[in-house]
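Note on naming: letters A, B, ... go to the chains in the order of the sequence lines (proteins, then strands), and numbering restarts at 1 for each one.
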Amino acid sequence: MSDTTELLLEIGCEEIPAAFLTRALAELPAMITSRLATARLAHGAVSALGAPRRLAVIVKDVVVRQPDLRERVVGPPVGAAFGADGAPTKAAIGFAQKNGVDPATLERAAVPGKKGEYAIAVREVTGQDAMAVLPALLAELIAQFPWPKSMRWGWGEAAFVRPVHWIVALFGDAIVPFGFAGVPTGRATRGHRFLAPQPIVLANPGEYEAALRRAHVEVDVLRRRERVRAELARIGAEEGGVVRDDQALVDEVANLSEWPTGVCGNFAAAYLEVPEEIIVTALRTHQRYFTIADHHGKLMPKFVTMAGTIVRDPAVVARGNERAAVPRLADARYFVGEDRKHPLEHFAAKVADRVFLAKFGAKAHTYGHKIERIVGIVRALAAEPAIAATTDAATAITAARLCKADLATSVVGEFPELQGVMGMHYAVAAHGQAVGTAIAEHYMPKGAGAELPTSGEGALVALADRIDTLVGCFAASLEPSGSADPYGLRRAAIGILQILLARASWGLTIDRLIEVAAQQYSGALEVTDTDCGELTEFFRGRLRGILADEGIPALDADAALGADFQYPFDARARARALAVVPAGAREVFKRIANILDDAAGKGLTVAGTVDAGKFVADVERNLWAAFAPVAPRILAARRRYAYDEVFALLVELQPLVAAFFDKGGVMVMDPDPALRDNRLALLHEIRQPFADVADFRAISAAGSAS
Amino acid sequence: MYLQDLIFELQRFWADRGCVIEQPVDVEVGAGTFHPATFLRVLGPEPWNAAFAQFCRRPTDGRYGENPNRLGAYYQFQVGLKPAPKNVQQLYLDSLERIGLDPGAHDIRFVEDDWESPTLGAWGLGWEVWADGMEVTQFTYFQQAGGIDLRPVTAELTYGIERIAMYLQNVDSIFDIKWDKRVTYRQLRHPWEVEYSRYQFEELDAAFFFELFTKYESECQRLLTRGLVLPAYEMCMKSSHAFNSLDARGAISVTERQRFIGRVRGLARACAEAYVKSRAALGFPLLADEQGRIAAEAFAGAAEAGVNAQALAAARAVAPAADAEEAAHV
């Protein structure tokens, strides 16, 4: 239809923080798209580009002219808009002026969904050239860009993430004329700060990416990440090992330079006596270095840094980085040495005085209090036979006592992400590997889908730590509201559920966990039945989410959880098996449930004994006759947790139940109380084996969960 | 390059670019930012370009002279450019080249590091500058000091000169740095490190320093009521060092810590406000005569809106035309 051309905006500035750049690249397309939509400028593909010294966007196929606009704006009702003489009232004149039309041209028309007629202004706006609209649009985009932190510079009033030095704004081959922070737009971009500092004049947006690539700037962040990966692979191969994968670090260093170039450095092998995790973390956190493992997975005394430029002699850069690494490694070794001067119990005692959560109150708020509660929970649960069979109580209790001790160590003070790992390293010598493993694993899972504790002891302490926090927070009214979850309670509940799902043989219920945890607060923080009930429901919501993430339809999840969710593994098995139950079968069983609920609500006896002699219709007799041999099969299948069989039997009964309700069927609420009670008893019998397997009452007629 | 030559070169470089070469402040400070040449000069509309080496005490970082990379006190070379010139990054890179860190040979990078001093009520945005993975400079655009928004904005460059000297001299221990041809850093500084580590960690009389802290605080407040801003600020610096000493001694609990920091910040804030007012009363003498009068009038004119708004009004009144025009567009 109309002519289109390409739009390029590049804001050249001083080095943008890596994390901000990542965020900006994610937000930019939607920002420009919404502005172009508001400006009625249709366009094609949008690509956000950027590197430390620039943020850019290219929009393909932007129309060169807005379409003409003819729109009908609804004004006041006719009664208010026109006087008895038909002349526009003051209100109508105001409305007309607001919309830029002559009051005499106001029309009258009915408006769908409203009563009566309304005054209508017919606005006709002639489309403007895109070039007339773009300057203000782009200037505003820059001025309003939502950086997490902005700054001012010089004498200026303008704010941006860092000082702005140039702006390229090209629409086809023309400059979009505007300015920001005293910088006028133009067609000259800049290459790499050191490798190509001269201005590069662009004829049109199409030249942008290639021109910068020639000037040692990879402006496409995805390609820059690829470049980092390629460099890492190259160096790994050269050094006879493999660079340890670290997606987050790749993303960060890709935004720390415009032309990432890998350089390998070495450090003294003697530092490898320090636990690997500390070396990896120290070099990563302070230096953004990657580490290299040999082909057996063992750390090599080498690292890789992504330089931001090409230098005359990479060996010089390598030597400098090696020098920079030494103090980090020396500090790490020093911290480990300091920590090792004391047993872990020494740090446990120090941590005990620290406040865990002040709002728990003076009798419950320290880590010391928390540890006592965790130990209490672990002790109670470890005594349960199913758990005792797989878990050593003494190991679990020792691990519980020491699980937070490493928070007071120097290494964890320096690298908080090593909590648990350091506890493990420090515990092993005095307490053995099992205690160490349990300490490290009690922080697992660290996120959705992350590794679960492998040891029973670790799983037990993990459950205890999380349920203690959950119960305490619900008791202290610190439950999450909306998206705010400052104490990570959703994650804690999901972690518990994931562990329970993986350890079905323990036979732990959610309420048992809550009960044991609540007991530990006795005399310190009041935990009411309401708190516990809310927490139980909180678990239901999280379990529902886990099932949804597995791809189980909400309908099935709700039916399974509606029956019972105390044993998450069992609830999940039922939810999965529900896939075989068609909508028709759900409907008839929902109907049974509703009838029984109604009857119970009226005070009728629903759980009577079925008397076959009282059946009058074939549909009753047939149903009962069919059900009698099925009932033991259902129970047998249930005992084997073979829920697909259970539900297959339910489906088998469907036609007979349907016939019972259909035309030609019987009326349950018969005027004769004897017939009525007998039919209620029949329905009750049929529902009973399924009642705590699936509850279909929640499904609506439309077939979706309520 | 000897350590002292490093200082000479930086001084010469920045003197040639219009900086006053100041001398270190003769009060204990934890960072060059505490120097009145930085903390006070960044306030208000007066331009100011200065550079100086500052002896900085960090009691908690003391390691009895046993750690080759950590010291209880060290030197910063600090440059303050107000307003920050548009090409300040390039000027800075030129200064690195001057001392032997040429970007053609070394990997120089600007890595985000936002700076904040809770005791000074100050913050800024900028970077730590890396040379081959080593942090050689803290580069900050000051946004606020003593709780006052800064306009014009100062660029503060803080060179870690030991770190740079170690690199240039190719030594692995700070103590092996050559100060000049004959004298090493060890000869000059090691006894201090040993004795002050013992003093700060083992011998320092906490009760005495708590008393000092309180006295410096009340003296600062008293001097402010007497209109003696510069001596008052000296008390503020001293109270901050007393706090650092108590902190290193382990005499301040985690919960008390925030309270002490808040008390120092209260002094810094009061000094900053008093300083801007005192400069306004003098007609902002570092501005050209007419400009100073205009700024002082704008400052007085905004009196009801508070010091922050007054400082802003004064700056706007004398901002160069191009910037004023730009301001009108924003």
Side-chain angles (χ1 to χ4, degrees), chain A residues 14-20 52 139 143 149-159 161-163 165 178-183 193-195 256-257 261 263 265 286-289 305-309 311-314 316-328 330-331 334 354-355, chain B residues 45 63 66-70 83-90 93 102-114 124-127 130-135 139 141 143 149-153 155 163 166-167 170-172 254-255 315-316 318-320 322-330:
Chain A
E14 297 175 11
E15 281 75 357
I16 303 169
F20 291 9
K149 277 186 207 166
S150 293
M151 57 165 285
R152 293 189 164 77
W153 60 96
W155 285 93
E157 304 273 337
V161 62
R162 290 292 183 274
H165 285 267
F178 69 96
F180 174 76
V183 178
R193 184 190 276 286
F194 303 125
L195 301 174
L256 277 177
S257 77
T261 307
V263 174
H286 292 301
Q287 300 293 138
R288 276 83 157 184
Y289 292 166
T305 183
M306 279 300 137
T309 186
V311 294
R312 288 193 288 271
D313 178 8
V316 170
V317 174
R319 276 201 301 277
N321 279 281
E322 286 165 0
R323 181 184 300 284
V326 169
R328 306 306 189 181
D331 273 355
Y334 171 78
R354 291 196 191 169
V355 172
Chain B
R63 293 289 185 275
E66 289 165 9
N67 184 313
N69 297 292
R70 285 204 193 280
K86 287 204 168 76
N87 62 342
V88 56
Q89 269 187 315
Q90 190 56 51
L93 289 167
D102 161 16
H106 298 278
D107 175 33
I108 310 290
R109 275 190 284 166
F110 292 86
V111 179
E112 177 201 12
D113 188 29
D114 298 341
L125 300 185
W127 310 272
W130 288 15
D132 300 334
M134 249 171 310
E135 185 193 342
F139 188 132
Y141 288 105
Q143 301 291 301
D149 293 327
L150 303 179
R151 201 74 54 80
V153 168
R163 199 86 61 87
M166 281 171 77
Y167 193 33
N170 195 25
V171 296
D172 292 329
V254 178
T255 37
R316 283 185 176 140
V318 293
D323 293 292
E325 188 187 330
E326 165 216 320
H329 279 107
V330 179

Is there side-chain contact between Asp172(B) and Arg323(A), with heavy atoms separated by less than 4.5 Å?
yes
Indicate yes or no: does Asp331(A) engage Arg70(B) in a salt bridge with an N to O separation below 4.0 Å.
yes
Could you check which of Met134(B), Glu112(B), Gln89(B) has the highest count of heavy-atom pairs closer than 4.5 Å to chain A?
Gln89(B)
If you count heavy-atom pairs within less than 4.5 Å of chain B, which of Arg354(A), Glu322(A), Met306(A) leads?
Met306(A)
Compare all side-chain heavy atoms of Phe139(B) with those of Glu15(A) and state whether any distance is below 4.5 angstrom.
no
Between Ala105(B) and Arg312(A), the two heavy atoms sitting closest are CB-NH2, 3.5 Å
Working to the nearest 0.5 Å, report the span between CG of Leu125(B) and NZ of Lys149(A).
6.0 Å
Between Glu157(A) and Arg316(B), is there a side-chain N and carboxylate O pair less than 4.0 Å apart?
yes
Selection from Ala318(A), Pro52(A), Ala330(A), Gly308(A) maximising heavy-atom pairs under 4.5 Å formed with chain B
Gly308(A)
Before accepting this row, confirm whether a basic side-chain N of the pair Asp149(B)/Arg152(A) lies closer than 4.0 Å to the acidic partner's carboxylate O.
no
Interface residue of largest heavy-atom contact number with chain A, from Val88(B), Asp113(B), Asn87(B), Leu93(B), under 4.5 Å
Leu93(B)
Given that the side chain runs from C-beta out, which part of Arg162(A) has a heavy atom under 4.5 Å from chain B: side chain, backbone, both or neither?
side chain
Side chain, backbone, both or neither: which part of Pro83(B) has an atom under 4.5 Å from a heavy atom of chain A?
side chain
Answer with side chain, backbone, both or neither: which region of His286(A) has an atom nearer than 4.5 Å to a non-hydrogen atom of chain B?
backbone
Any side-chain heavy atom of Asp132(B) sitting closer than 4.5 Å to one from Arg319(A)?
no
Chain B contact via Pro163(A) - side chain, backbone, both or neither, heavy atoms under 4.5 Å
side chain
At what distance, to the nearest 0.5 angstrom, does CZ of Phe194(A) lie from CG of Asp107(B)?
8.5 Å
Is Thr309(A) in contact with chain B via its backbone, its side chain, both, or neither, using a 4.5 Å heavy-atom distance?
both
Taking only residues two or more places apart in sequence, or in another chain, which ones meet Glu66(B) in a side chain to side chain donor-acceptor pair (under 3.5 Å)?
none
Using a 6.0 Å distance limit plus a 45 degree cone around the ring axis, check whether Arg288(A) lies over the aromatic ring of Trp130(B).
no
Considering only heavy atoms and a distance below 4.5 Å, find which of Gln90(B), His106(B), Arg151(B) pairs most often with chain A.
Arg151(B)
Non-hydrogen atoms of chain B under 4.5 Å away: do they reach the side chain of Arg193(A), the backbone, both or neither?
side chain
For the interface with chain B, which of Val311(A), Val316(A), Val263(A), Val326(A) has the highest count of heavy-atom pairs at distances below 4.5 Å?
Val311(A)
Give the minimum heavy-atom separation between Trp155(A) and Pro45(B), together with the two atoms involved.
CH2-O, 3.4 Å
Set of residues satisfying side chain to side chain donor-acceptor pair (under 3.5 Å) with respect to Glu135(B), sequence neighbours excluded:
none
Which atoms of Ser150(A) come close to chain B, meaning under 4.5 Å heavy atom to heavy atom: side chain ones, backbone ones, both, or neither?
backbone
Do side-chain atoms of Gln287(A) reach the backbone of Gly133(B) as a donor and acceptor pair under 3.5 angstrom?
yes
